[in-house]
Amino acid sequence: MKAKATLKQIAKELNVSVSTVSKALNDSPEISEQTKIKIKEYAKLKNYKPNVIGLNLKNRKTKTIGVIIPNILNSFFAKVFSGIEKVADKKGYNVITCISNESLEKEIHTLEMLSNGTIDGFILSVSEEAQKLQEYNHFKEIINDGTPIVMFDRIAEGVECDKVVVDDFDSALNSTQHLINLGCKNIALISSVDNLSVGKLRADGYLKALKDNNIPVNEKIILRTDSEEDMKSKIDAIFDHKIDAIFALDENDSVAALRVSLKKGFKVPEDISIIGFADGILASRRLSPSLTTISQHGIEIGEVAAKRLISRLEEKEGETTDYETIVIKTKLKERESTRKSK
């Protein structure tokens with residue numbers, strides 16, 4: 001039994017777009033007779049069968065949104081998904097959720113699988129591997145084929161689509177400034193997300209705050225790594241130097257900073273003040289002392305992303321709005337790991 005071909009495979013073999021193949025197979029007047037005959041004959045040869053259940057043509061929508069998140073264990077992504085589902089349900093849309101597990105290959109496979117008539121559009125955060133390799137062609141292909149994408153948090157620069165982000169640079173700048181205002185002068189930086197766009201922006205905000213306050217950069221108390229494992233294997237070295245505060249760029253980094261500080265006999269916040277990114281359950285409720293964190297408003301990000309995508313999906317024929325980058329402001333939630341402002 002021959003395997004069934006997909007629209008994407010036919011388009012690739014004949015060097016045309018998926019949209020051209022779809023229109024040709026549906027006798028669209030936009031496609032020349034010669035092209036129609038060539039595509040139909042090839043489709044028959046390759047045993048192509050249309051996806052009747054999820055056929056995503058202009059006159060028939062699936063009312064389904066595809067959501068791709070990089071990491072199921074990250075509480076931030078869970079909050080974003082909660083916001084997406086809330087809006088989708090209210091607007092009468094279903095949600096299919098997939099996890100890339102930070103893999104470029106899985107991200108590509110998921111996009112291809114769902115864009116063949118299963119969903120109307122995507123909401124996604126870019127995988128770690130795609131950002132590391134700066135490989136974003138798979139997103140451009142999906143958009144060019146007529147399937148809209150809204151990116152959130154981790155975005156792909158150079159890909160034209162709607163994006164929802166937090167003010168990572170300003171958040172880091174303001175948080176580091178908060179530590180400086182508390183009297184801290186030797187502020188360590190801990191990052192396990194330096195290969196991600198958000199990690200780089202946060203580190204840049206930290207460095208700008210030091211520069212603005214004429215505090216020399218001390219590379220010995222700056223730990224920028226690409227993984228949680230690497231960060232944990234090197235974090236102890238930070239405490240060999242004089243530090244009075246730690247700015248951590250991810251929830252796992254924040255928890256590690258607090259635990260190692262206490263293990264080494266430092267009092268928090270009397271000896272060391274700590275601020276961390278991401279306001280997860282672990283950071284806010286299960287640690288003692290509780291962590292001062294930067295809340296990214298994950299639920300709001302999900303709601304805004306879903307509203308933006310559905311708005312684009314429901315645009316009338318010929319009505320196209322410009323792509324937007326929507327910035328959600330973060331909030332510093334002061335808890336027990338930082339000294340009180342004077």
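Numbers here simply count residues along the sequence, with the first being 1.
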- Query: Can you name the closest pair of heavy atoms from Q296 and V166 and give their distance?
  - Reply: O-CG1, 3.6 Å
- Modelled atom types, side-chain donor and acceptor of T330 and S171, under 3.5 Å: yes
- Is any side-chain heavy atom of D236 closer than 4.5 Å to a side-chain heavy atom of K264? yes
- salt bridge (Lys or Arg N to Asp or Glu O under 4.0 Å) between E102 and R154, intermediate numbers included: CA-CA 11 Å; E102 307 291 8; R154 304 183 203 165; 2.7 Å; yes
- Query: Do L313 and I142 sit in the same hydrophobic cluster, where Ile, Leu, Val, Met, Phe, Trp and Tyr count as joined when their side-chain heavy atoms come under 4.5 Å apart?
  - Reply: no
- Message: Using 0.5 Å steps for rounding, measure from the CG atom of L210 to the CG atom of L173.
- Response: 10.0 Å
- Check whether any side-chain heavy atom of L287 sits under 4.5 Å from a side-chain heavy atom of R259, and report yes or no. yes
- Query: Within the distance-only criterion (no hydrogens, no angle test), does the side chain of T110 pair as donor or acceptor with the backbone N or O of K106 below 3.5 angstrom?
  - Reply: yes
- So, the side chain of Q9 versus the backbone of T6: is there a donor-acceptor pair under 3.5 Å, distance only? yes
- Message: Counting C-beta onward and ignoring hydrogens, is there a side-chain heavy-atom pair between P70 and S100 closer than 4.5 Å?
- Response: yes
- Query: So, the side chain of R339 versus the backbone of P269: is there a donor-acceptor pair under 3.5 Å, distance only?
  - Reply: yes
- Note on the structure: Heavy atoms of K163 and A156 approach each other most closely as NZ-O, 3.3 Å
- Smallest heavy-atom separation, S125 atom then F77 atom, equals OG-CE2, 3.7 Å
- Item | Hydrophobic cluster membership, V198 vs L332, 4.5 Å side-chain cutoff | yes
- Taking D120 for the side chain and K63 for the main chain, is one N or O donor matched with an acceptor at less than 3.5 Å? yes
- Message: Looking only at side-chain N and O atoms, does R308 offer a donor or acceptor that is under 3.5 Å from a partner on T321?
- Response: yes
- Message: We want to know whether Q131 and S197 form a side-chain donor-acceptor pair, criterion being a heavy-atom distance below 3.5 angstrom.
- Response: yes
- Query: Out of curiosity, D253 CG to L223 CG, how far, rounded to the nearest 0.5 Å?
  - Reply: 8.0 Å
- Message: I'd like to check L249 versus Y206 (side-chain heavy atoms, cut-off strictly below 4.5 Å). Are they in contact?
- Response: no
- Using distance alone, with no hydrogens and no angle criterion, decide if N181 and Q177 have a side-chain donor and acceptor under 3.5 Å apart. yes
- Same cluster for L104 and L196 if Ile/Leu/Val/Met/Phe/Trp/Tyr side chains link at under 4.5 Å? no
- Query: Take atom CD in E105; do more than 12 heavy atoms of anything else shown fall under 6.0 Å from it?
  - Reply: no
- Can you tell me if N101 uses its side chain to pair, donor with acceptor, with the backbone of S103 under 3.5 Å? no
- Task: Please check if atom CG in N15 has more than 12 non-hydrogen atoms from other residues, nucleotides or ligands closer than 6.0 Å.
- Result: no
- Are K132 and E128 close enough, and set up right, to give a salt bridge (Lys or Arg N to Asp or Glu O under 4.0 Å), and what steps lead you there? CA-CA 6 Å; K132 198 171 184 177; E128 178 184 333; 5.3 Å; no
Between side-chain atoms of residues 80-98 and protein atoms elsewhere (two or more places apart, or another chain), which donor-acceptor pairs fall under 3.5 Å?
residue, atom, partner, partner atom, Å
K86, NZ, E303, OE2, 3.2
Y93, OH, E314, OE2, 3.0

- Heavy-atom pair with the smallest gap, counting every atom of V18 and K8: CG2-CG, 3.8 Å
- Closest contact, heavy atoms only, S192 versus M231: CB-CB, 3.9 Å
- Task: Kindly say whether S295 contributes a backbone atom to a donor-acceptor pair with the side chain of T293 at under 3.5 angstrom?
- Result: no
- Query: Is there side-chain contact between I301 and F76, with heavy atoms separated by less than 4.5 Å?
  - Reply: yes
- Query: Quick one: CG on D244 to CD1 on I272, what's the gap to the nearest 0.5 Å?
  - Reply: 8.0 Å
- Note on the structure: To the nearest 0.5 Å, atom CD1 of I275 lies from atom CG of L291 at 10.0 Å
- Do S19 and D145 have side-chain N/O donor and acceptor atoms under 3.5 Å apart? no
- With the threshold set at 4.0 Å, does a side-chain nitrogen-carboxylate oxygen contact exist between K44 and E41? no
- Please assess D162 against L309 for the test side chain to side chain contact (heavy atoms under 4.5 Å, CB included), listing each intermediate value before the final yes or no. CA-CA 8 Å; D162 295 305; L309 179 63; over 6 Å; no
- Item | Interatomic spacing from OG1 in T292 to CD in E334 - rounded to 0.5 Å | 6.0 Å
- Report the C-alpha distance between R312 and Y323 in whole Å, list the side-chain angles of each, state the deciding distance to 0.1 Å, and finish with yes or no for side chain to side chain contact (heavy atoms under 4.5 Å, CB included). CA-CA 10 Å; R312 192 165 287 284; Y323 291 125; 3.6 Å; yes
- Query: Can you find a pair of side-chain heavy atoms, one from V268 and one from S261, that are under 4.5 Å apart?
  - Reply: yes
- Query: With no hydrogens and no angle check, is any side-chain donor or acceptor of S254 less than 3.5 Å from a backbone partner on D250?
  - Reply: yes
- Output yes when a side-chain donor or acceptor of T225 lies under 3.5 Å from a complementary backbone atom of S191, and no otherwise. yes
- Between the side chain of N71 and the main-chain N/O of L73, is any donor-acceptor distance below 3.5 Å? yes
- Walk me through it: do V67 and L124 pass the test side chain to side chain contact (heavy atoms under 4.5 Å, CB included)? CA-CA 6 Å; V67 177; L124 59 88; over 6 Å; no
- Message: If hydrophobic clusters are built from ILVMFWY residues whose side chains come within less than 4.5 Å, do I326 and I299 share one?
- Response: no
- Pairing of K208 and D204 as salt bridge, 4.0 angstrom limit: no
- Message: Within a 6.0 Å radius of atom NZ on K232, are there more than 12 heavy atoms belonging to other residues, nucleotides or ligands?
- Response: no
- Task: Tell me whether V126 is reachable from V164 by hopping between hydrophobic residues (I, L, V, M, F, W, Y) whose side-chain heavy atoms are closer than 4.5 Å.
- Result: no
- Message: Under the ring-ring contact (aromatic ring centres under 6.0 Å, His included) definition, can you give me all pairs with a residue in residues 225-273, not counting sequence neighbours?
- Response: F239-F266
- Message: For a 4.5 angstrom cut-off between non-hydrogen side-chain atoms, does N218 reach N186?
- Response: no
- Does any donor atom in the side chain of S273 or T338 lie under 3.5 Å from an acceptor atom in the other side chain? no
- Message: With a 4.5 Å cut-off on side-chain heavy atoms, are F152 and I123 touching?
- Response: yes
- Task: Examine the side chains of T35 and S32 and answer whether a donor and an acceptor come within less than 3.5 Å of each other.
- Result: yes
- Lys/Arg cation over aromatic F277: R202, 6.0 Å, 45° cone: yes
- Message: Tell me whether the count of non-hydrogen atoms from other residues, nucleotides or ligands lying under 6.0 Å of CD in E270 goes above 12.
- Response: yes
- Separation of D153 CG from I328 CD1 (nearest 0.5 Å): 11.5 Å
- Item | Atom of S288, atom of L262 and distance for their closest heavy-atom approach | O-CD1, 3.7 Å
- Backbone of L7 reached by a side-chain donor or acceptor of K12 within 3.5 Å: no
- Item | Test log, rule side chain to side chain contact (heavy atoms under 4.5 Å, CB included), inputs I65 and I119 | CA-CA 5 Å; I65 293 168; I119 57 96; over 6 Å; no
- Counting heavy atoms not belonging to I72, are there more than 12 under 6.0 Å from its CD1? no
